[in-house]
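Each chain gets a letter, A, B and so on, in the order its sequence line appears, and its residues count up from 1. Heavy-atom basis, side chains included; hydrogens, waters and symmetry copies ignored. All figures in this text were calculated on a predicted structure; none of them were measured in a lab.
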Amino acid sequence: MATGQSVTSFDPRLVRADTPALARIINGRPITYLDSAASSLPPRPVIDAMSRHYERQHANVHRGVYQTANESTQSYEGAREAIARFIHAPDGAEEIVFTKNATESFNLLAKSWGAKNLGVGDVVLLSVMEHHANIVPWFQLRDAVGIEVRFIPVGDDYRLDLSNIEELMKGVRLVSVTAMSNVLGTVTPLQELARIAHEHGALIAVDAAQLVGHAPSNVVDLDVDFFMFSAHKMLGPTGLGVLWTRRDILAEMPPFLGGGGMIADVSTSGYVPAKGPTRFEAGTPPIAEAAGLSAAVTFLEGLGMQNIAQHDRDLTRDALARIDDEFGGRVRIIGPRDTEQRGGVISMDVEGVHAHDVAQVLDQFGVCVRPGHHCAKPLMKRFNLTATARASFGPYSLVSDTDVLIEALNDAVKLFG
Amino acid sequence: MATGQSVTSFDPRLVRADTPALARIINGRPITYLDSAASSLPPRPVIDAMSRHYERQHANVHRGVYQTANESTQSYEGAREAIARFIHAPDGAEEIVFTKNATESFNLLAKSWGAKNLGVGDVVLLSVMEHHANIVPWFQLRDAVGIEVRFIPVGDDYRLDLSNIEELMKGVRLVSVTAMSNVLGTVTPLQELARIAHEHGALIAVDAAQLVGHAPSNVVDLDVDFFMFSAHKMLGPTGLGVLWTRRDILAEMPPFLGGGGMIADVSTSGYVPAKGPTRFEAGTPPIAEAAGLSAAVTFLEGLGMQNIAQHDRDLTRDALARIDDEFGGRVRIIGPRDTEQRGGVISMDVEGVHAHDVAQVLDQFGVCVRPGHHCAKPLMKRFNLTATARASFGPYSLVSDTDVLIEALNDAVKLFG
Amino acid sequence: MSNLEDLYREVILDHYRSPRNRGELETPPAHRVEGFNPLCGDEVTAYLLVDDGVLTDIKMTGHGCSISQSSSSLMSAAVKGKPIEQVRALITTFKKLMTVHESSIESTDSAPLQDVRSLGELAALQGVVKFPVRIKCATLAWNTLNQGLDELDATP
Amino acid sequence: MSNLEDLYREVILDHYRSPRNRGELETPPAHRVEGFNPLCGDEVTAYLLVDDGVLTDIKMTGHGCSISQSSSSLMSAAVKGKPIEQVRALITTFKKLMTVHESSIESTDSAPLQDVRSLGELAALQGVVKFPVRIKCATLAWNTLNQGLDELDATP
Ligand SMILES: Cc1ncc(COP(=O)(O)O)c(C=O)c1O
Ligand SMILES: Cc1ncc(COP(=O)(O)O)c(C=O)c1O
């Protein structure tokens with residue numbers, strides 16, 4: 001049996017062998033998991049890291065003196081270091097805040113940094129292709145303090161339309177955009193956006209949820225100011241998210257949730273918040289999950305993020321071409337057709353067949369695709385859609401997954417004639 | 001090997017056999033885990049439920065049509081039902097909100113219900129024995145909207161001093177108190193407090209973090225309005241907390257965190273929140289953790305919460321008497337001496353030996369106790385302490401754990417002469 | 001693939017491709033009511049014309065999956081021209097059908113099956129219960145109709 | 001239990017039980033500086049009297065574990081009456097000792113050991129490095145002193 005640690009050069013079949021959930025049989029056929037954009041399937045070393053935590057050393061972190069409390073604390077703080085290394089945080093672990101998911105990271109950004117620094121007349125610039133996680137917290141902030149929320153339009157080529165960006169930048173204090181659309185697969189020009197933001201004296205926040213598991217992430221090269229993502233989309237567990245920001249910005253951010261662990265002092269008349277990332281980590285953190293995330297980072301590093309990105313590109317190029325060949329216009333791809341600046345997410349609109357029905361038929365073949373608005377309703381509206389059927393790849397995906405997808409799509413198209 | 005499911009009548013040795021972390025050897029001796037008040041050790045069925053989730057059916061919940069997405073959704077929603085049953089929520093799963101920990105539950109209470117319903121002149125009444133999780137969010141609300149935060153004093157008997165309660169209740173809109181102090185072990189008179197609160201037109205919120213894993217919880221019998229706790233203190237995983245409130249209260253609570261999953265609609269001009277518990281569950285929830293919590297509930301139900309409570313009482317009575325016999329006044333118990341209305345938490349102040357040194361010496365014997373302020377600084381101040389060394393029991397604790405505790409305490413006392 | 005054929009019966013696909021009573025009615029005199037399934041985005045709008053205790057006309061618009069839209073079409077055909085009392089009874093029967101456990105459909109002598117027989121073409125939707133996530137799709141139009149009738153009851 | 005004896009050497013227990021230079025100095029002329037370890041609640045306050053580049057007097061108060069309080073006492077004894085320059089050098093040496101990896105303490109010919117020898121009684125604290133969570137306890141007084149000297153430097 002292959003184990004994660006042993007995968008040194010990238011081979012998706014080895015990753016597959018290490019991913020227990022892919023051994024599942026659905027409706028008499030091996031599962032064809034094409035929903036990694038919603039959540040990835042953790043490999044054996046990630047699952048084992050968490051079991052091992054509970055089996056050998058579980059204890060609450062911080063303040064403990066006994067051995068397993070130290071081990072748990074070291075494991076938890078070690079995950080912070082692993083993530084800092086993974087995204088190349090310039091000042092290391094001191095810049096990594098653990099949250100429960102990318103969504104909480106955005107709420108933390110909006111309700112701590114945003115509420116302190118933004119007010120009436122200030123603009124936060126999003127894009128029409130954002131996930132609700134990067135939209136709703138800003139509307140909440142608007143309703144609380146009166147900021148304006150503005151959107152970069154998306155062109156017919158399914159890419160950001162920056163033709164009017166100078167106009168759009170008026171009054172903007174923060175640009176907050178996705179690194180990659182979870183619906184279109186579009187990769188956004190982050191370096192360009194960072195340059196524009198900084199030229200206008202604004203900061204830039206990045207929704208890296210779809211990026212971190214699929215391509216190298218380097219916050220210094222990108223020159224961005226905030227970077228948010230979830231563990232469960234990078235082969236890690238549920239229940240854990242990350243916010244990275246520069247140490248100097250973090251130091252000035254007021255507390256978010258209040259409770260144990262985030263304080264320096266509490267009396268019956270008030271409290272003094274702690275310094276550093278723990279200021280934002282109230283209560284018992286996701287300890288076992290952090291052990292899982294460390295293992296996921298090690299696993300991904302072993303595969304090589306460049307290799308994973310290339311693998312995604314290869315699979316996507318192949319799938320786009322074959323869907324076209326097979327179905328002509330009947331299966332419309334909602335997303336860019338070239339594979340440069342594009343990830344392994346394929347949204348489909350099947351003529352005459354609603355996305356739910358597509359997904360239902362595909363399920364009969366053990367094919368897992370996600371129907372719906374993918375938490376991106378403004379984007380769906382932009383293209384006059386209510387739902388797409390979305391297939392997305394992971395490092396364990398193979399061309400044979402696309403074979404089954406196409407076989408099953410054929411059945412759906414036939415059934416609805 | 002005993003498995004959790006097979007434990008039908010309560011035997012702590014069987015629980016122990018089912019708890020892998022208790023097989024650990026520390027400094028050459030079997031671990032003596034006396035820190036369940038900080039976090040409990042999950043039994044085999046809980047660990048396995050989470051591994052199984054990742055190994056067989058992991059997928060994101062909701063909106064999925066394919067089989068494993070359905071299974072994951074059913075597992076997640078099933079956990080809601082298990083918790084509703086466990087605490088006797090009158091309207092079932094519709095009243096259960098999943099958070100990341102008890103601390104987030106308190107923040108949700110303060111920042112959703114509190115921010116909507118409370119303002120200048122309104123009083124939230126806490127007690128001096130509260131955990132920071134039930135203090136800091138209220139100070140944050142005070143700083144945001146101008147409420148007053150008031151404290152019920154704690155008497156020299158380590159119990160709530162209700163002699164002046166009528167005076168204290170003036171202007172109170174919410175009483176928010178712990179069911180059991182994580183420092184003193186004191187169990188508070190919740191039914192009486194609920195009656196007093198309701199007589200004064202106030203609601204009552206309960207910090208049940210130390211209760212749920214140790215005694216039966218029935219929100220109807222207690223007649224309370226909010227009930228908050230964490231999975232990791234009831235043999236469940238980290239990364240998951242609960243807020244229960246009555247369906248009619250929940251229906252009127254505004255959203256807390258914003259993002260995917262908590263909306264009915266989003267456009268470029270605003271959003272409409274969803275109805276029901278999901279309104280408060282933004283982003284991908286702790287899916288595997290919910291599977292673990294379900295297993296923990298089943299396990300605890302198999303043991304019988306009354307049996308666990310009796311076991312705690314027996315161990316506590318024995319330990320208190322033996323610590324007295326052995327050390328006389330040199331080891332002072334910070335907490336009630338009788339075992340009625342008292343849980344299995346034993347805070348110690350060892351004359352001439354700081355709590356950190358006590359814990360350090362105990363670690364050499366494999367004994368895990370927690371030194372410090374236990375996130376209850378106002379309480380420590382009340383008793384002129386900066387730290388105690390706290391031993392606490394779980395359903396896997398045995399009288400032999402107390403034997404080792406006393407042996408190790410003897411060494412600490414001797415070393416510091 | 002037998003399961004799938006249970007779900008997508010020919011009648012359902014037919015109503016999905018060629019929905020009956022599709023369109024709008026002038027309001028007033030008709031009453032308009034909207035239903036929405038936030039999880040999948042399916043929408044149904046019903047226009048109800050009630051005269052002297054009878055649902056004399058009904059039109060439906062909306063979009064969504066084959067189940068929600070065929071159910072909307074099948075419903076409109078089943079209730080059009082019926083006294084409100086009968087319409088209410090049909091709603092109850094249909095919703096009961098949708099909560100019935102699979103096993104009791106397959107046995108032959110159960111009470112629910114009696115109800116199914118009385119449903120005519122609507123019975124084609126009974127395969128939906130084998131796909132629990134799709135039940136919400138099938139009941140959307142019915143809940144919307146029910147709400148519309150409640151609203152009409154509430155207005156003098 | 002050999003480990004534990006490394007940590008709780010007799011010198012440490014002695015300084016813990018009978019702390020040297022305990023008390024306060026009048027401010028001014030003395031400078032007062034407070035140190036605090038939020039994780040464990042340990043506190044140290046130093047009163048520094050500097051005259052013509054020499055730390056002519058020092059008093060300490062505070063509370064906490066045996067390590068933080070003995071370190072405070074040992075430090076006060078070691079720096080009292082020394083030129084500021086030497087005090088700074090000692091702070092540096094001590095903090096280096098506290099970051100040294102265990103293995104290099106055990107080898108006999110390493111540079112850090114040279115430093116340890118120069119520390120005198122202070123060397124008793126070297127066992128702390130084997131207990132990484134306690135290092136913060138041992139360095140609290142030193143960081144506080146360092147901060148106090150910085151503050152004195154900054155005031156004209
Ligand atoms: C009484 C009490 N309330 C609240 C909490 C907070 O729980 P958590 O850290 O899981 O949010 C704890 C545990 O630390 C506790 O003991
Ligand atoms: C682009 C993007 N942003 C944010 C999120 C939110 O992540 P989470 O649900 O883990 O908070 C997702 C995933 O759902 C996503 O695809």
>> I'd like to know which of B:Gly241, B:Ala102, B:Pro255, B:Pro237 tops the heavy-atom pair count under 4.5 Å against chain A.
In response: B:Pro237
> Which atom pair, heavy atoms only, marks the closest approach of A:Thr103 to B:Gly258?
Replying inline: CG2-O, 3.2 Å
> Does any heavy atom of chain B fall under 4.5 Å from the side chain of A:Pro285, the backbone, both, or neither of them?
Replying inline: backbone
> A:Gly261 and B:Cys375: which non-hydrogen atoms are nearest, and at how many Å?
Replying inline: N-SG, 4.3 Å
> Tell me, side chain or backbone of B:Val61 under 4.5 Å from chain A's heavy atoms, or both, or neither?
Replying inline: backbone
> Can you say whether B:Val369 sits under 4.5 Å from chain A via the side chain, the backbone, both, or neither, judging by heavy atoms?
Replying inline: backbone
>> Under 4.5 Å from any heavy atom of chain A, what part of B:Glu71 do you find: side chain, backbone, both or neither?
In response: side chain
>> Could you work out, with salt bridge (Lys or Arg N to Asp or Glu O under 4.0 Å) as the rule, every residue matching A:Glu130, not counting sequence neighbours?
In response: none
> What part of B:Ile135 lies closer than 4.5 angstrom to a heavy atom of chain A: side chain, backbone, both or neither?
Replying inline: side chain
> For A:Ile31, is it the side chain, the backbone, both or neither that has a heavy atom under 4.5 Å from a heavy atom of chain B?
Replying inline: side chain
> Just wondering, do A:Met50 and B:Tyr54 contact through their side chains at under 4.5 Å, heavy atoms?
Replying inline: yes
>> Which one wins on heavy-atom pair count under 4.5 Å against chain A: B:Val46, B:Leu126, B:Ile47?
In response: B:Ile47
>> Please classify the contact between B:Phe106 and chain A as side chain, backbone, both or neither, with a heavy-atom cut-off of under 4.5 Å.
In response: neither
>> Testing the basics here: between A:Lys377 and B:Val266, what is the closest heavy-atom pair and its distance to 0.1 Å?
In response: CB-O, 3.3 Å
> Is it the backbone or the side chain of B:Ser269 that comes under 4.5 Å from a heavy atom of chain A, or both, or neither?
Replying inline: backbone
>> What part of A:Arg142 gets within 4.5 angstrom of chain B, counting heavy atoms only: side chain, backbone, both, or neither?
In response: side chain
> Parallel, tilted or perpendicular: which fits the ring planes of A:Tyr33 and B:Tyr66, with parallel below 30° and perpendicular above 60°?
Replying inline: perpendicular
> Is chain B contacted by the side chain of A:Ser36, its backbone, both, or neither, given a heavy-atom distance below 4.5 Å?
Replying inline: neither
> Checking A:Met262 against chain B: side chain, backbone, both or neither under 4.5 Å from a heavy atom?
Replying inline: side chain
> So which part of B:Leu240 gets closer than 4.5 Å to some heavy atom of chain A, the side chain, the backbone, both or neither?
Replying inline: neither
>> If I compare all heavy atoms of A:Lys111 with all of B:Leu257, which pair ends up nearest, and what's the gap?
In response: NZ-CA, 3.8 Å
> Checking heavy atoms, do the side chain of A:Ile263, its backbone, both or neither come under 4.5 Å from chain B?
Replying inline: side chain
>> Please classify the contact between A:Asp265 and chain B as side chain, backbone, both or neither, with a heavy-atom cut-off of under 4.5 Å.
In response: both
>> Please evaluate residues A:Thr68 and B:Cys368 with respect to the criterion side-chain contact (heavy atoms from CB on, under 4.5 Å), reporting the C-alpha separation (whole Å), side-chain torsions for both, the decisive distance (0.1 Å), and the verdict.
In response: CA-CA 8 Å; A:Thr68 53; B:Cys368 310; 4.2 Å; yes
> Among B:Thr238, B:Val136, B:Asp363, which has the most heavy-atom pairs under 4.5 Å with chain A?
Replying inline: B:Thr238
> Any idea which heavy atoms bring B:His58 and A:Ser40 closest together, and the distance?
Replying inline: CD2-O, 3.2 Å
> Most heavy-atom pairs under 4.5 angstrom with chain A, which of B:Met380, B:His374, B:Gln57, B:Lys100?
Replying inline: B:Lys100
> Okay, side chain of B:Gln140, backbone of A:Phe256: is any donor-acceptor separation there less than 3.5 Å?
Replying inline: yes
> chain A heavy atoms under 4.5 Å from B:Thr19: which part of the residue, side chain, backbone, both or neither?
Replying inline: neither
> Between B:Leu379, B:Ile287, B:Thr284, which residue shows the highest count of heavy-atom pairs closer than 4.5 Å to chain A?
Replying inline: B:Thr284
>> Can you tell me which portion of B:Arg24 sits under 4.5 Å from chain A's heavy atoms? Options are side chain, backbone, both or neither.
In response: side chain
> What closest approach, in Å, do A:Tyr271 and B:Asp143 show between heavy atoms, and which atom pair accounts for it?
Replying inline: CE2-OD2, 4.5 Å
> If you tally heavy-atom pairs under 4.5 Å against chain A, which of B:Ser51, B:Gly270, B:Pro42, B:Ala359 wins?
Replying inline: B:Gly270
> Can you check whether A:Asn60's main-chain N or O pairs, donor with acceptor, with B:Arg370's side chain at less than 3.5 Å?
Replying inline: yes
>> Heavy-atom cut-off 4.5 Å, strictly under: side chain, backbone, both or neither for A:Ser267 against chain B?
In response: backbone
